[in-house]
Protein chains: 2
Amino acid sequence: MPHNTRDKILIAAATMLGENPTTRLSVRAVAARAGVSTGSLRHFFPTQRELLDTVVAGIYDVDLPDDPMQDTARTPGERLVACLRLLVSQVGTGDQAREHWRAQHDAYVAAPPSEGATHAFLALERLAVHRVEKWLAVLHEEGALAPGALEHQARFLLTVVTGLLTERALPGDQARLEFEAHTLATAASAVLRPAPGPA
Amino acid sequence: MPHNTRDKILIAAATMLGENPTTRLSVRAVAARAGVSTGSLRHFFPTQRELLDTVVAGIYDVDLPDDPMQDTARTPGERLVACLRLLVSQVGTGDQAREHWRAQHDAYVAAPPSEGATHAFLALERLAVHRVEKWLAVLHEEGALAPGALEHQARFLLTVVTGLLTERALPGDQARLEFEAHTLATAASAVLRPAPGPA
DNA sequence: ACCTGAACACCGTTCAAGT
DNA sequence: ACCTGAACACCGTTCAAGT
């Protein structure tokens, strides 16, 4: 039962998101819901981005036990590819991929999305970025990551995943599977420091 | 020398983006730069999103001399990125991208594609792969390419392009533009030999 | 049809002032 | 240190009014 202001703010924001995932978490809206002034909110979260990131992190951090990134027996490249594969596999192949595409199409492409739908999409995207960033942070800790902004690297990897998912929904043959493996490996290598080599 | 208001607005926006790619293209900023009222801007571009989409589409179309790969004055990375941009620009932004998506959906996803449609798709895909491979062959000639199968590298790059196109059809903000640039640069670097560096 | 500029309902951030 | 709320400098969109 946390009762300090910081927690009240986070709880208010999370609750609003729970009630309606498309809510706009503005300073005034969250502050009012938390029963706190905007200045007070700013005291704990100097920037709106910081607040949103903290909320998302809190919601998401339900650490998966079977996170491939923890498997330190494997090389950084192998682990990153395994994580990306996890993302890809959540959508699946064939009919499943086509169904996913169809849902996206109906929600965002067929008709101009409502503001609410747009916010919902951006929130989900933010979640995905956060997840990939957490993986990359582990590799960064190990010094395995190439220099560059974490967010840029995460978004690059997500773009590759998006491309693979789209291709899965389109016609293709068996060979696609092999290309996928190469593509994931290439994408991972673009983000990792050059391997020391088996010297 | 276009002098109608619509063009003035587009030119003002493109110029601002050219001077500083991170500029915020707000209604008032663009209108002021174009010497036009905000109401007038709204008359031609009913929504800010529409203005941004149009500007982006125009920028990518602007200079396509022919094949950017022939421009030996630029580094291999710059040329490869320019070529990939060409692919992306052919589909365009905003409504165009959404229209492209819709067409793909109707042809291949909504209903199981006929054998003929599948063959047509694979033929087009093969064409795209061939085109990218020709670009990569030039770089290979120059010794600028990282080791690996040409087809794998080509398909990797096309997956990235597909991902970008899908993201363009989905909701997004202006920041996407900056991420796109980084993503293309990262993708190109994954396929090129490490740059010699300005030592 | 084209164009203006004020007005509206929002933003995020800053800051003097209180406790 | 924590907290307030007004003030500032912005947004995008709407709209009556002009030409």
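Please read these numbers as outputs of a predicted model, since none were measured by experiment. So you know, we letter chains A, B, ... as the sequences are listed, proteins then strands, and number each from 1.
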Output a table of donor-acceptor pairs, distance under 3.5 Å, between side-chain atoms of residues 105-112 of chain A and any protein atom two or more places apart or on a different chain; print 'none' if there are none.
none

Any chain of hydrophobic side-chain contacts (each under 4.5 Å) joining B/Leu122 to A/Leu170?
yes

Calculate the interatomic distance between B/Lys8 atom NZ and C/dC2 atom P; express it in whole Å.
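Distance, rounded to whole Å: 14 Å.
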
Nearest-Å distance for atom pair CZ/P, residues B/Phe44 and C/dT4
10 Å

Could you tell me whether the phosphate oxygens of D/dC3, OP1 or OP2, come under 4.0 Å of any side-chain nitrogen or oxygen in A/Ser37?
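No, because none of the side-chain N or O atoms of A/Ser37 sits under 4.0 Å from OP1 or OP2 of D/dC3.
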
Compare side-chain N and O positions of A/Thr5 against OP1 and OP2 of D/dC2 and report whether any pair is under 4.0 Å apart.
no

Counting primed atoms, P, OP1 and OP2 as sugar-phosphate and everything else as base, the B/S/- map of nucleotides 7-19 of chain C against protein heavy atoms under 4.0 Å is B---BBBB-----

Which residue pairs pass the salt bridge (Lys or Arg N to Asp or Glu O under 4.0 Å) test with at least one member in residues 116-128 of chain A, sequence neighbours excluded?
A/Asp53-A/Arg126, A/Glu125-A/Arg155, A/Glu125-B/Arg176

Taking only residues at least two apart or on different chains, which pairs with a member in residues 181-192 of chain A satisfy salt bridge (Lys or Arg N to Asp or Glu O under 4.0 Å)?
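Checked against salt bridge (Lys or Arg N to Asp or Glu O under 4.0 Å) - neighbours excluded - no pair reaches residues 181-192 of chain A.
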
Side chain to side chain donor-acceptor pair (under 3.5 Å) partners of A/Gln48, counting only residues at least two apart:
A/Arg42

Can you name the residues that form a side chain to side chain donor-acceptor pair (under 3.5 Å) with B/Glu142, not counting sequence neighbours?
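In terms of side chain to side chain donor-acceptor pair (under 3.5 Å), with neighbours along the sequence ignored, B/Glu142 is linked to B/Arg79.
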
Filter on ring pair (Phe, Tyr, Trp, His ring centres under 6.0 Å), then keep only pairs touching residues 156-184 of chain B, sequence neighbours left out; what's left?
A/His152-B/Phe179, A/His152-B/His182

For residues 18-47 of chain A, the ring pair (Phe, Tyr, Trp, His ring centres under 6.0 Å) pairs (sequence neighbours left out) are none

How does DNA chain D read in dot-bracket, base by base from 5' to 3', with Watson-Crick or G-U pairs under 3.5 Å and | used when the partner is on another strand?
||.|||||...|||||.||

